[in-house]
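Worksheet for the structure shown next.
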Amino acid sequence: MTTRTGCIGHKAKLILGKKSVQLATLPLAIAMALPVNALEPAAVDMGPFRLVPTLGISNGYDSNLFLTDGNEKESWVTIINPQVQFIAENGNDSYSITYGVNHGIVQDSRDDDYTDHSLRGDINLELNSRNYLDVSAAFTKNHEPRGTGANQGNDATSNPVPAEYDERTFDVAYTYGGKEADGRLKVAAGFLDKEYTNFLDQNAARDRKNNYVAGTFYYRVAPKTQAIFEIKRKKIDYDLTTSPLDSTETFYLVGATWEATAQTTGTVKVGLAEKDFDSNLQDDDNVSWEVSVDWAPIERSVFTLATSKLPEETDGTGSYIDRTSLSVSWMHNWSDRFSTRLTAGRRDGEYIGNAREDEEDTWGISLMYNMRRWLDLSLNYDYSDRSSNISGLDYDKNTIYLRADVSL
């Protein structure tokens with residue numbers, strides 16, 4: 001859902017593919033994550049709405065398609081990503097529908113070709129100066145590359161083709177309080193429905209529905225700084241009636257958010273996460289946090305720090321994953337047309353109820369050139385590796401992609 005300044009946003013925004021990706025889990029979708037530099041798509045005026053088409057084309061090399069420990073399968077990969085967005089605005093209200101296709105061609109393993117589809121709608125309403133409503137709904141037909149999900153390590157090629165799944169999401173958020181008010185309240189609710197469509201003997205047990213409700217209170221403690229008090233409750237129900245993994249997660253978080261204070265902008269939330277299973281699996285309480293901070297020491301440079309500690313649903317091992325992640329990046333605009341980005345990250349996964357523990361490291365560099373208003377070029381290199389205490393789950397991987405983003 002589009003976010004308002006300090007809360008929820010009111011303008012439709014062009015979506016140009018996903019901006020970030022976990023290389024360890026989406027090795028063939030990496031080109032969807034390549035950074036968009038300064039593309040300024042022209043819109044086609046169609047009366048009550050505007051049409052914005054874009055096209056991304058990537059070609060590159062993947063050294064370890066299936067994330068295996070030895071006997072790596074390498075290939076050249078081409079990814080074609082057309083997208084069309086319909087945008088309408090009425091004063092401060094905005095409406096958008098976005099449809100995109102992500103088609104991958106794996107030159108040396110054509111069984112791993114894929115075509116993903118995504119459809120998303122957003123409505124952002126400013127009812128008046130104190131009341132805001134945001135609604136979003138999405139449907140995706142997606143895939144899990146071989147070597148990820150339930151098909152990891154020594155079993156990476158046990159399936160002849162990637163696993164496929166459908167995912168439906170719906171989110172609604174209502175905010176009461178003016179933009180400059182001392183106090184504002186945001187309440188939100190939504191659901192996710194995930195269903196696998198092949199290899200059901202392996203994946204049917206992973207079909208699930210998530211429902212959540214959340215309440216967040218913002219209190220202004222300085223002109224550009226607000227304290228945050230948040231409670232969120234999520235119910236996770238697996239479709240398989242015999243699954244012991246049905247659970248309820250409850251988060252109690254406090255923190256702060258600030259905008260352009262000195263040279264930084266960010267949000268910090270820390271607190272307690274409770275994981276309570278409906279079955280006799282062991283319940284768990286853990287410290288939880290979500291942090292995102294941008295630091296701009298000079299006009300053309302931005303350093304970003306992001307870290308989180310959150311429970312994550314299992315891929316078939318243990319009762320759930322206690323996931324801790326940390327990433328840092330440096331984005332620098334060397335000129336109006338040329339910029340670079342350096343990234344580094346670490347993800348640790350402790351599989352609760354199982355002995356497995358993983359450490360995943362990534363780093364990369366991106367070179368981005370805005371050749372024209374309607375044409376961006378980028379060259380991206382990424383390295384990732386996983387170290388696990390379970391035999392056969394270690395891997396290392398190199399990818400390099402050249403991407404062009406084109407618009408009208």
Side-chain angles (χ1 to χ4, degrees), residues 20-33 58 60-79 104-114 142-165 196 198-199 201-203 205-206 311-327 343-365 380-401:
S20 62
V21 69
Q22 297 293 347
L23 297 180
T25 57
L26 294 175
L28 296 185
I30 185 173
M32 285 289 286
S58 304
Y61 168 78
D62 189 319
S63 71
N64 191 352
L65 287 173
F66 308 131
L67 307 182
T68 53
D69 184 13
N71 299 315
E72 293 94 343
K73 176 67 175 179
E74 60 183 4
S75 180
W76 288 91
V77 180
T78 301
I79 301 176
I105 304 168
V106 185
Q107 303 292 348
D108 295 319
S109 185
R110 298 305 301 272
D111 288 339
D112 290 281
D113 290 359
Y114 61 88
N142 215 327
H143 79 289
E144 284 181 348
R146 290 195 287 172
T148 68
N151 187 232
Q152 299 182 46
N154 294 327
D155 298 325
T157 57
S158 59
N159 293 340
V161 296
E164 298 176 348
Y165 63 91
Y196 287 85
N198 63 350
F199 305 115
D201 56 333
Q202 182 184 69
N203 289 321
R206 301 171 66 203
E312 183 179 300
E313 291 305 289
T314 176
D315 49 28
T317 302
S319 57
Y320 78 97
I321 306 169
D322 185 11
R323 179 72 71 189
T324 304
S325 64
L326 171 67
S327 66
T343 61
R346 160 66 69 91
R347 296 199 327 144
D348 293 338
E350 180 182 356
Y351 288 68
I352 306 302
N354 189 275
R356 178 177 171 182
E357 294 183 1
D358 295 346
E359 294 179 353
E360 303 172 32
D361 294 307
T362 61
W363 66 269
I365 181 171
N380 305 263
Y381 169 76
D382 288 277
Y383 172 80
S384 60
D385 75 78
R386 177 173 65 202
S387 299
S388 178
N389 62 348
I390 302 299
S391 177
L393 291 179
D394 293 353
Y395 78 87
D396 60 76
K397 176 189 185 73
N398 295 274
T399 59
I400 185 166
Y401 278 86

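Given the structure is predicted, the values throughout are model-derived calculations rather than measurements. Computation of the quantities below employed the complete heavy-atom set of this structure, encompassing side-chain atoms and omitting hydrogens, waters and symmetry-equivalent molecules.
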Minimal non-hydrogen separation, P145 against P162, with atom names: CA-CB, 4.3 Å
Under 3.5 Å side-chain donor-acceptor pair for Y114 and E164: no
Set of residues satisfying salt bridge (charged side-chain N to carboxylate O under 4.0 Å, His left out) with respect to E313, sequence neighbours excluded: K275
Any E144 side-chain heavy atom under 4.5 Å of N151 side chain: no
salt_bridge(R146, D112) N-O dist < 4.0 Å: yes
Residue list, side chain to side chain contact (heavy atoms under 4.5 Å, CB included) with D113, at least two apart or on another chain: I105, V106, R110
Atom pair CG/OG1 of D111 and T157 - distance to nearest 0.5 Å: 11.5 Å
From Y401 atom OH to T78 atom OG1, the distance as rounded to the nearest 0.5 Å: 8.5 Å
Rounded distance [0.5 Å steps], CZ in F66 versus OG1 in T148: 11.0 Å
E74 versus S63, closest heavy-atom pair with distance: CB-O, 3.8 Å
Rounded distance [0.5 Å steps], CG in L393 versus OG in S387: 11.0 Å
Pair T362-D382, side-chain hydrogen bond (donor to acceptor under 3.5 Å, both in side chains): steps then yes or no: CA-CA 7 Å; T362 61; D382 288 277; over 6 Å; no
Stepwise side-chain contact (heavy atoms from CB on, under 4.5 Å) test for I321 and Y351: CA-CA 5 Å; I321 306 169; Y351 288 68; 3.6 Å; yes
Non-neighbouring partners of D361 that pass side chain to side chain contact (heavy atoms under 4.5 Å, CB included), sequence neighbours left out: R346, D385
Heavy-atom closest contact (S75 atom, L65 atom, distance): CB-CD1, 3.7 Å
Distance (rounded to the nearest 0.5 Å) between N198 CG and N159 CG: 7.5 Å
Any donor-acceptor pair under 3.5 Å from R356 side chain to I390 backbone: no
A150: side chain to side chain contact (heavy atoms under 4.5 Å, CB included) partners, not counting sequence neighbours: Q202, N203, R206
Residue list, side-chain hydrogen bond (donor to acceptor under 3.5 Å, both in side chains) with E312, at least two apart or on another chain: R323
Sub-4.5 Å side-chain heavy-atom contact between Q152 and T317: no
Set of residues satisfying side chain to side chain contact (heavy atoms under 4.5 Å, CB included) with respect to I400, sequence neighbours excluded: Y61, L379, Y381
side-chain hydrogen bond (donor to acceptor under 3.5 Å, both in side chains) partners for S388, two or more places apart: D358
Set of ring pair (Phe, Tyr, Trp, His ring centres under 6.0 Å) partners for F199, sequence neighbours left out: none
Least distance between heavy atoms, K397 atom then N64 atom: NZ-O, 3.1 Å
T68 side chain reached by K73 side chain, heavy atoms, under 4.5 Å: no
Main-chain N/O of S391 paired with D69 side-chain donor or acceptor, under 3.5 Å: no
Gap between atom CZ of R347 and atom CG of L326 - 0.5 Å precision: 12.5 Å
